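Read the structure below first, then the notes.
Treat the numbers as computed from the prediction; the structure is a model and nothing was measured.
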Amino acid sequence: MPQVTYIEPDGRAVTLEVKSGRSVMSAAMEAGLEGIEAQCGGNLACATCHCYVQEPWLEQLEPPSDDELLMLENVAAERRDNSRLSCQLTVRPQLDGLTVQFPERQS
Ligand code: FES
């Protein structure tokens, strides 16, 4: 199973095995990670699943949809070039090693 590493706001890194087809958000929520809220449950309506995708993974991801780009305007923390909404990131075998960092706050 692909491994995804999440870096919490306090710098702690947590690596999870995530089944292909699951979202980066859902695995983090199930594991009870603290840096994510995901208030809308993945419906692209809250922007509280914001993450920063670490190099070199950004280029490996599907580009954000127009709706994701619109919702990224509502993130609570600083929006950066590598900002994505983790509910829109689907894990697949090629993403083994994906690393995302959660911002200091989600709301
Ligand atoms: Fe609400 Fe991602 S969980 S936009």
Side-chain angles (χ1 to χ4, degrees):
M1 242 188 285
Q3 292 193 332
V4 178
T5 296
Y6 301 83
I7 301 173
E8 297 267 40
D10 65 3
R12 188 173 60 107
V14 178
T15 299
L16 302 175
E17 296 203 338
V18 182
K19 196 174 175 188
S20 288
R22 285 195 77 177
S23 73
V24 170
M25 174 279 279
S26 67
M29 292 299 287
E30 187 179 279
L33 301 189
E34 292 179 2
I36 182 169
E37 294 178 14
Q39 292 169 358
C40 77
N43 288 313
L44 205 47
C46 73
T48 61
C49 61
H50 180 201
C51 68
Y52 301 121
V53 178
Q54 304 295 288
E55 290 297 341
W57 297 104
L58 196 61
E59 295 75 24
Q60 315 295 323
L61 300 171
E62 296 290 324
S65 66
D66 289 347
D67 286 343
E68 183 183 346
L69 288 172
L70 210 59
M71 192 53 63
L72 277 166
E73 294 177 9
N74 299 312
V75 293
E78 177 191 5
R79 181 180 175 181
R80 301 177 187 163
D81 290 345
N82 60 343
S83 285
R84 293 294 304 264
L85 296 179
S86 58
C87 70
Q88 300 302 301
L89 306 179
T90 303
V91 173
R92 48 192 167 86
Q94 297 89 335
L95 295 179
D96 183 34
L98 173 68
T99 303
V100 299
Q101 178 182 4
F102 290 131
E104 287 180 11
R105 61 196 180 98
Q106 292 284 6
S107 58

So with a 6.0 Å cut-off around CD of Gln3, is the heavy-atom count from everything else above 12? yes
How far does CG of Asn74 sit from CZ of Arg79, to the nearest 0.5 angstrom? 9.5 Å
Decide if atom CG of Asp81 counts as having more than 12 heavy atoms of other residues, nucleotides or ligands within a radius under 6.0 Å. no
What are the two closest heavy atoms between Cys51 and Ser86, and how far apart are they? SG-CB, 3.9 Å
Minimal heavy-atom distance between Leu58 and Val53, with the atoms involved, is N-CG1, 3.6 Å
By the ring pair (Phe, Tyr, Trp, His ring centres under 6.0 Å) test, which pairs, at least two apart or in different chains, include something from residues 62-107? Tyr6-Phe102
Anything under 3.5 Å between a donor and an acceptor, one on a side chain of residues 11-19, the other on a protein residue two or more places apart or in another chain? List them.
from  : atom 1 : to   : atom 2 : distance (Å)
Arg12 : NH2    : Glu8 : OE2    : 3.0
Thr15 : OG1    : Thr5 : OG1    : 2.8

Are Tyr52 and Ile7 grouped together when hydrophobic residues (ILVMFWY) are joined by side-chain heavy atoms under 4.5 angstrom apart? no
Between Ser26 and Arg22, is there a side-chain donor-acceptor contact under 3.5 Å, judged purely by atom types and distance? yes
Applying a strict under-4.5 Å side-chain criterion to I, L, V, M, F, W and Y, I'd like to know whether Leu98 and Leu33 cluster together. yes
Checking side chain to side chain contact (heavy atoms under 4.5 Å, CB included) between Glu37 and each of His50, Gln106, Met29, Arg105, which is the one that passes? Gln106
For atom CD of Glu55, decide whether the heavy atoms of other residues, nucleotides or ligands shown that lie under 6.0 angstrom number more than 12. yes
Value for CD (Gln54) from CG (Asn82), rounded to nearest 0.5 Å, stands at 6.5 Å
Measuring from atom CH2 of Trp57 to atom CG of Asp96, what distance do you get when rounded to the nearest 0.5 angstrom? 6.5 Å
Would you say the side chain of Val75 lies within less than 4.5 Å of the side chain of Ser83, judging by non-hydrogen atoms? no
Locate the shortest heavy-atom distance separating Met71 from Cys46; write the atom from each residue and the value. SD-N, 4.0 Å
If every non-hydrogen atom of Leu69 is compared with every non-hydrogen atom of Pro64, which pair is closest and at what distance? CD2-CG, 3.6 Å
How long is the span from the CD atom in Gln94 to the OG atom in Ser20, to the nearest 0.5 Å? 8.0 Å
Which value, rounded to the nearest 0.5 Å, describes the distance between Glu68 atom CD and Leu44 atom CG? 6.5 Å
Least distance between heavy atoms, Cys49 atom then Leu85 atom: SG-CB, 3.7 Å
Taking C-beta and beyond as the side chain, do Met25 and Leu89 meet within less than 4.5 Å on heavy atoms? no
Might you confirm whether atom CD of Gln60 has over 12 heavy atoms from other residues, nucleotides or ligands at distances under 6.0 Å? yes
Check whether Thr48 reaches the backbone of Gln39 with its side chain - one donor and one acceptor, N or O, closer than 3.5 Å. yes
Nearest heavy-atom approach of Arg92 to Leu61 is NH2-CA, 4.2 Å
In Å, rounded to the nearest 0.5 Å, how long is the span from CD of Gln101 to CZ of Arg80? 6.0 Å
Does some side-chain heavy atom of Val24 sit less than 4.5 Å from a side-chain heavy atom of Val91? yes
